[in-house]
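Just so you know, residue 1 is the first one in the sequence shown, and it goes up from there.
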Amino acid sequence: MGESVVASSAAKLTPVDRRIRLLNERLIGCRRCPRLVEWRQAAALSPPARYRAEPYWARPVPGFGDERGPVLIVGLAPAAHGANRTGRMFTGDRSGDWLFSALAEVGLANQPESTDVGDGLTLEGAYVTASVRCAPPQNRPTADERDNCRPWLEEEFDLIDPKVVLCLGGFAFDQTLRLLGERGAPLPRPRPRFGHGIELELGEPWPVVVASYHPSQQNTFTGRLTRQMTVEVLRQTMRHR
(Lines give C-alpha, C1' and ligand atoms only; values in the text may rest on other atoms or scores of the structure.)
Protein backbone atom coordinates (compact mmCIF):
# COMPACT_ATOMS: atom_id res chain seq x y z
CA MET A 1 0.00 0.00 0.00
CA GLY A 2 2.85 2.41 0.77
CA GLU A 3 3.91 2.83 -2.84
CA SER A 4 0.40 3.62 -4.03
CA VAL A 5 0.05 6.47 -1.56
CA VAL A 6 3.11 8.46 -2.60
CA ALA A 7 3.97 7.28 -6.10
CA SER A 8 2.99 8.74 -9.46
CA SER A 9 4.23 8.50 -13.02
CA ALA A 10 7.82 9.73 -13.20
CA ALA A 11 7.21 11.05 -16.69
CA LYS A 12 4.58 13.46 -15.39
CA LEU A 13 6.44 14.75 -12.34
CA THR A 14 7.27 18.45 -12.19
CA PRO A 15 9.93 19.77 -9.77
CA VAL A 16 7.19 20.56 -7.24
CA ASP A 17 5.71 17.08 -7.68
CA ARG A 18 9.10 15.53 -7.01
CA ARG A 19 9.64 17.61 -3.88
CA ILE A 20 6.21 16.72 -2.53
CA ARG A 21 6.84 13.06 -3.30
CA LEU A 22 10.12 13.23 -1.36
CA LEU A 23 8.37 15.05 1.47
CA ASN A 24 5.74 12.32 1.68
CA GLU A 25 8.36 9.57 1.59
CA ARG A 26 10.07 11.18 4.60
CA LEU A 27 6.76 11.78 6.32
CA ILE A 28 5.56 8.17 6.29
CA GLY A 29 8.68 7.11 8.15
CA CYS A 30 8.19 9.62 10.97
CA ARG A 31 8.21 8.30 14.56
CA ARG A 32 8.60 11.58 16.47
CA CYS A 33 5.61 11.02 18.76
CA PRO A 34 5.77 7.72 20.73
CA ARG A 35 2.16 7.97 21.96
CA LEU A 36 0.83 8.38 18.42
CA VAL A 37 3.01 5.60 17.05
CA GLU A 38 1.64 3.27 19.72
CA TRP A 39 -1.96 4.38 19.15
CA ARG A 40 -1.98 4.13 15.36
CA GLN A 41 -0.51 0.61 15.55
CA ALA A 42 -2.87 -0.47 18.33
CA ALA A 43 -5.86 0.66 16.22
CA ALA A 44 -4.63 -1.53 13.39
CA LEU A 45 -4.37 -4.54 15.68
CA SER A 46 -7.91 -4.17 17.06
CA PRO A 47 -10.13 -2.99 14.20
CA PRO A 48 -13.93 -3.07 14.29
CA ALA A 49 -15.47 -6.20 12.83
CA ARG A 50 -16.21 -4.61 9.44
CA TYR A 51 -12.49 -3.94 8.84
CA ARG A 52 -10.91 -7.10 10.26
CA ALA A 53 -10.08 -8.50 6.85
CA GLU A 54 -8.42 -5.27 5.66
CA PRO A 55 -4.75 -4.31 5.97
CA TYR A 56 -4.09 -1.08 7.84
CA TRP A 57 -1.74 1.68 6.75
CA ALA A 58 -0.91 2.52 10.41
CA ARG A 59 1.71 5.15 9.56
CA PRO A 60 1.69 8.93 9.19
CA VAL A 61 -0.72 9.93 6.42
CA PRO A 62 0.52 12.26 3.66
CA GLY A 63 -1.54 14.92 1.98
CA PHE A 64 -2.83 14.33 -1.54
CA GLY A 65 -4.50 16.04 -4.46
CA ASP A 66 -3.54 18.65 -7.04
CA GLU A 67 -0.08 19.88 -6.04
CA ARG A 68 -0.46 22.91 -8.32
CA GLY A 69 -3.99 23.72 -7.20
CA PRO A 70 -4.77 27.07 -5.58
CA VAL A 71 -6.88 25.59 -2.74
CA LEU A 72 -5.30 23.96 0.32
CA ILE A 73 -7.75 22.15 2.63
CA VAL A 74 -6.43 21.54 6.15
CA GLY A 75 -8.10 19.16 8.62
CA LEU A 76 -7.24 17.98 12.12
CA ALA A 77 -5.76 14.45 11.91
CA PRO A 78 -6.41 11.00 10.41
CA ALA A 79 -9.19 8.91 11.90
CA ALA A 80 -8.06 5.71 13.62
CA HIS A 81 -10.17 3.49 11.34
CA GLY A 82 -10.36 5.92 8.41
CA ALA A 83 -7.15 7.35 6.96
CA ASN A 84 -5.07 5.35 9.44
CA ARG A 85 -6.54 2.32 7.68
CA THR A 86 -6.55 3.49 4.06
CA GLY A 87 -3.45 5.70 3.94
CA ARG A 88 -5.32 8.58 2.28
CA MET A 89 -6.44 11.64 4.19
CA PHE A 90 -10.19 11.69 4.97
CA THR A 91 -10.75 8.42 3.12
CA GLY A 92 -12.77 5.60 4.65
CA ASP A 93 -14.86 7.36 7.30
CA ARG A 94 -18.03 9.43 7.61
CA SER A 95 -16.19 12.75 7.63
CA GLY A 96 -14.55 11.86 4.34
CA ASP A 97 -17.84 10.71 2.83
CA TRP A 98 -19.28 14.12 3.65
CA LEU A 99 -16.27 16.08 2.40
CA PHE A 100 -15.70 14.25 -0.89
CA SER A 101 -19.37 14.36 -1.78
CA ALA A 102 -19.34 18.14 -1.38
CA LEU A 103 -16.02 18.48 -3.25
CA ALA A 104 -17.53 16.57 -6.17
CA GLU A 105 -20.60 18.79 -6.19
CA VAL A 106 -18.51 21.95 -6.58
CA GLY A 107 -16.15 20.42 -9.15
CA LEU A 108 -13.03 19.91 -7.02
CA ALA A 109 -13.27 16.09 -7.08
CA ASN A 110 -14.08 13.72 -9.93
CA GLN A 111 -16.26 11.43 -7.81
CA PRO A 112 -18.34 11.79 -4.63
CA GLU A 113 -16.71 9.10 -2.48
CA SER A 114 -13.35 7.61 -1.59
CA THR A 115 -12.91 4.16 -0.09
CA ASP A 116 -9.22 3.39 -0.73
CA VAL A 117 -6.16 4.75 -2.51
CA GLY A 118 -6.94 2.84 -5.69
CA ASP A 119 -10.55 3.93 -6.12
CA GLY A 120 -9.87 6.45 -8.91
CA LEU A 121 -10.48 9.63 -6.92
CA THR A 122 -8.67 12.70 -8.21
CA LEU A 123 -8.83 16.29 -7.05
CA GLU A 124 -8.68 19.21 -9.46
CA GLY A 125 -7.50 22.52 -8.02
CA ALA A 126 -7.32 21.36 -4.40
CA TYR A 127 -4.88 19.60 -2.10
CA VAL A 128 -6.05 17.96 1.15
CA THR A 129 -3.86 17.66 4.24
CA ALA A 130 -4.03 17.83 8.03
CA SER A 131 -2.40 19.56 10.97
CA VAL A 132 -1.37 16.23 12.57
CA ARG A 133 -0.51 13.18 10.46
CA CYS A 134 -1.06 10.29 12.87
CA ALA A 135 -4.38 9.27 14.39
CA PRO A 136 -4.49 10.63 17.98
CA PRO A 137 -6.50 9.11 20.86
CA GLN A 138 -9.93 10.76 21.10
CA ASN A 139 -8.87 12.98 18.17
CA ARG A 140 -6.89 15.11 20.62
CA PRO A 141 -3.19 15.54 19.91
CA THR A 142 -1.08 17.04 22.65
CA ALA A 143 0.69 20.38 22.24
CA ASP A 144 4.00 18.57 21.73
CA GLU A 145 2.49 16.30 19.07
CA ARG A 146 0.97 19.30 17.34
CA ASP A 147 4.33 21.07 17.28
CA ASN A 148 6.21 17.95 16.17
CA CYS A 149 3.96 17.77 13.11
CA ARG A 150 4.06 21.43 12.12
CA PRO A 151 7.18 21.18 9.93
CA TRP A 152 5.34 18.87 7.53
CA LEU A 153 2.53 21.41 7.10
CA GLU A 154 5.04 24.23 6.72
CA GLU A 155 6.80 22.37 3.92
CA GLU A 156 3.50 21.80 2.14
CA PHE A 157 2.65 25.50 2.38
CA ASP A 158 6.00 26.35 0.81
CA LEU A 159 5.67 23.82 -2.00
CA ILE A 160 2.00 24.34 -2.88
CA ASP A 161 1.93 28.10 -2.25
CA PRO A 162 -1.90 28.18 -2.04
CA LYS A 163 -4.01 31.20 -2.87
CA VAL A 164 -6.64 30.18 -0.33
CA VAL A 165 -6.64 27.87 2.70
CA LEU A 166 -9.85 26.23 3.90
CA CYS A 167 -9.51 25.24 7.57
CA LEU A 168 -11.79 22.41 8.68
CA GLY A 169 -12.30 23.02 12.39
CA GLY A 170 -10.85 25.26 15.05
CA PHE A 171 -7.64 23.25 15.46
CA ALA A 172 -6.72 23.65 11.78
CA PHE A 173 -7.74 27.33 11.87
CA ASP A 174 -5.49 28.02 14.86
CA GLN A 175 -2.56 26.16 13.32
CA THR A 176 -2.91 27.97 10.00
CA LEU A 177 -3.01 31.40 11.64
CA ARG A 178 -0.08 30.51 13.85
CA LEU A 179 1.97 29.40 10.85
CA LEU A 180 1.13 32.54 8.85
CA GLY A 181 1.64 34.84 11.82
CA GLU A 182 5.10 33.48 12.53
CA ARG A 183 5.97 34.19 8.89
CA GLY A 184 4.95 37.81 9.20
CA ALA A 185 1.42 37.80 7.82
CA PRO A 186 -0.58 40.87 8.96
CA LEU A 187 -3.11 39.05 11.13
CA PRO A 188 -5.85 41.14 12.79
CA ARG A 189 -5.40 42.02 16.46
CA PRO A 190 -6.93 40.50 18.42
CA ARG A 191 -6.94 37.36 16.33
CA PRO A 192 -10.44 36.44 15.18
CA ARG A 193 -12.23 33.63 16.95
CA PHE A 194 -13.01 30.55 14.93
CA GLY A 195 -16.44 30.37 13.31
CA HIS A 196 -18.00 28.85 10.24
CA GLY A 197 -17.60 31.05 7.18
CA ILE A 198 -15.06 33.44 8.72
CA GLU A 199 -12.77 34.79 6.02
CA LEU A 200 -9.46 36.63 6.36
CA GLU A 201 -7.97 38.50 3.41
CA LEU A 202 -4.40 39.31 4.37
CA GLY A 203 -3.22 40.86 1.11
CA GLU A 204 -0.39 39.80 -1.16
CA PRO A 205 1.53 37.52 -0.95
CA TRP A 206 -0.54 35.77 1.71
CA PRO A 207 -3.35 33.28 1.08
CA VAL A 208 -6.93 34.04 2.00
CA VAL A 209 -8.00 31.97 5.02
CA VAL A 210 -11.53 30.56 5.21
CA ALA A 211 -12.91 28.66 8.22
CA SER A 212 -15.46 25.85 8.25
CA TYR A 213 -16.87 23.59 10.89
CA HIS A 214 -15.21 20.20 10.67
CA PRO A 215 -17.36 17.51 8.97
CA SER A 216 -17.19 15.32 12.07
CA GLN A 217 -20.18 13.19 13.03
CA GLN A 218 -20.59 15.37 16.11
CA ASN A 219 -21.25 18.33 13.80
CA THR A 220 -23.09 16.62 10.94
CA PHE A 221 -25.35 14.37 13.03
CA THR A 222 -26.46 17.27 15.22
CA GLY A 223 -27.13 19.62 12.30
CA ARG A 224 -24.50 22.12 13.38
CA LEU A 225 -22.99 21.55 9.92
CA THR A 226 -25.38 20.88 7.06
CA ARG A 227 -24.61 19.67 3.58
CA GLN A 228 -25.58 23.06 2.16
CA MET A 229 -23.27 24.86 4.60
CA THR A 230 -20.35 22.71 3.41
CA VAL A 231 -21.11 23.32 -0.26
CA GLU A 232 -21.48 27.04 0.32
CA VAL A 233 -18.20 27.37 2.22
CA LEU A 234 -16.43 25.46 -0.57
CA ARG A 235 -17.87 27.86 -3.13
CA GLN A 236 -16.81 30.76 -0.91
CA THR A 237 -13.30 29.32 -0.90
CA MET A 238 -13.26 28.84 -4.67
CA ARG A 239 -13.99 32.50 -5.30
CA HIS A 240 -10.42 33.24 -4.24
CA ARG A 241 -8.70 30.81 -6.61
Side-chain angles (χ1 to χ4, degrees), residues 48 50-51 61 63-66 69-86 88-116 119-132 135-136 138-141 153 162-177 188 191-202 207-241:
R50 63 188 181 279
Y51 298 136
V61 180
F64 82 100
D66 184 351
V71 178
L72 180 64
I73 300 174
V74 183
L76 169 55
H81 302 291
N84 186 55
R85 172 174 55 88
T86 66
R88 177 192 278 165
M89 202 66 71
F90 275 102
T91 293
D93 62 20
R94 296 285 182 87
S95 295
D97 294 344
W98 185 280
L99 177 63
F100 292 125
S101 177
L103 287 172
E105 181 168 335
V106 301
L108 292 175
N110 69 325
Q111 62 189 43
E113 62 182 18
S114 178
T115 57
D116 60 69
D119 60 19
L121 175 75
T122 60
L123 303 183
E124 181 66 37
Y127 192 88
V128 175
T129 190
S131 305
V132 174
Q138 290 79 51
N139 291 320
R140 293 180 181 175
L153 185 62
K163 292 184 178 178
V164 54
V165 181
L166 175 61
C167 304
L168 302 180
F171 190 95
F173 183 71
D174 290 344
Q175 288 305 293
T176 297
L177 293 191
R191 289 192 183 183
R193 297 182 63 183
F194 171 76
H196 186 82
I198 285 178
E199 181 176 302
L200 299 179
E201 295 194 48
L202 305 174
V208 176
V209 178
V210 180
S212 170
Y213 292 144
H214 191 282
S216 64
Q217 292 184 55
Q218 182 178 0
N219 287 332
T220 59
F221 281 12
T222 61
R224 187 182 190 215
L225 179 67
T226 67
R227 163 68 180 229
Q228 189 58 34
M229 288 169 66
T230 302
V231 169
E232 287 175 357
V233 82
L234 285 170
R235 287 177 174 153
Q236 175 185 348
T237 299
M238 292 169 66
R239 288 198 291 270
H240 299 287
R241 291 183 298 177

Please report the shortest heavy-atom distance between [X] and [Y], naming the atom on each side.
X: Ala135; Y: Asn84; result: CB-CB, 4.1 Å
X: Pro136; Y: Pro78; result: CD-O, 3.9 Å
X: Phe64; Y: Met89; result: CE2-O, 3.4 Å
X: Pro215; Y: Ser95; result: O-OG, 2.8 Å
X: Leu72; Y: Pro162; result: CB-CB, 3.8 Å
X: Ser131; Y: Ala172; result: OG-CA, 3.6 Å

**Request:** Return the set of residues passing side-chain contact (heavy atoms from CB on, under 4.5 Å) with Thr226 (not counting sequence neighbours), or none when no residue passes.
**Result:**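 Thr226 satisfies side-chain contact (heavy atoms from CB on, under 4.5 Å) with Gln228, Met229 only.
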**Residues that Glu201 engages under side-chain contact (heavy atoms from CB on, under 4.5 Å), provided they are two or more places apart** =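 Residues passing side-chain contact (heavy atoms from CB on, under 4.5 Å) with Glu201: Glu199, Val208, His240.
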Is there side-chain contact between [X] and [Y], with at least one heavy-atom pair below 4.5 Å?
X: Thr122; Y: Asp66; result: no
X: Leu166; Y: Val74; result: no
X: Asp116; Y: Arg88; result: no
X: Ile73; Y: Thr129; result: no
X: Leu123; Y: Val128; result: yes
X: Leu108; Y: Glu124; result: no
X: Val209; Y: Phe173; result: yes
X: Val210; Y: Val164; result: yes

**Message:** With a 4.0 Å cut-off on N to O distance, would you call Arg85 and Asp93 a salt bridge?
**Reply:**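 The answer is no: the pair does not qualify as a salt bridge.
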**Item:** All ring pair (Phe, Tyr, Trp, His ring centres under 6.0 Å) counterparts of Phe100, not counting sequence neighbours
**Value:**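 With sequence neighbours excluded, Phe100 shows a ring pair (Phe, Tyr, Trp, His ring centres under 6.0 Å) to no residue whatsoever.
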**Request:** Using ring pair (Phe, Tyr, Trp, His ring centres under 6.0 Å) as the criterion, list what pairs up with Tyr127, not counting sequence neighbours.
**Result:**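 Scan of Tyr127 (ring pair (Phe, Tyr, Trp, His ring centres under 6.0 Å), adjacent residues dropped) gives none.
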Nearest 0.5 Å, please: how far is [atom2] in [Y] from [atom1] in [X]?
X: Asp174; Y: Cys167; atom1: CG; atom2: SG; answer: 9.0 Å
X: Glu113; Y: Asp119; atom1: CD; atom2: CG; answer: 7.5 Å
X: Leu76; Y: Arg140; atom1: CG; atom2: CZ; answer: 11.0 Å
X: Leu153; Y: Thr176; atom1: CG; atom2: OG1; answer: 6.0 Å
X: Thr220; Y: Arg94; atom1: OG1; atom2: CZ; answer: 8.5 Å
X: His196; Y: Asn219; atom1: NE2; atom2: CG; answer: 10.0 Å

**Prompt:** Short question: side chain of Thr222, backbone of Gln218 - any donor-acceptor pair under 3.5 Å?
**Reply:**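 At least one qualifying donor-acceptor pair exists.
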**Request:** Name all pairs fulfilling the salt bridge (charged side-chain N to carboxylate O under 4.0 Å, His left out) condition that reach into residues 216-228, sequence neighbours left out, sorted by first residue then second.
**Result:**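 Qualifying pairs, neighbours excluded: Glu105-Arg227.
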**Message:** My understanding is that only residues two or more places apart in sequence, or in another chain, count here; which of them pass side-chain hydrogen bond (donor to acceptor under 3.5 Å, both in side chains) with Thr91?
**Reply:**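 Ser114.
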**Message:** Here's a test for you: under ring pair (Phe, Tyr, Trp, His ring centres under 6.0 Å), which of Trp98, Phe90, Phe171, Phe194 qualifies with His214?
**Reply:**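 When ring pair (Phe, Tyr, Trp, His ring centres under 6.0 Å) is applied between His214 and each of Trp98, Phe90, Phe171, Phe194, only Phe90 qualifies.
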**Message:** A quick test of your reading: do over 12 heavy atoms of other residues, nucleotides or ligands sit less than 6.0 Å from CZ of Arg191?
**Reply:**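 Buried by this count: over 12 neighbours within 6.0 Å.
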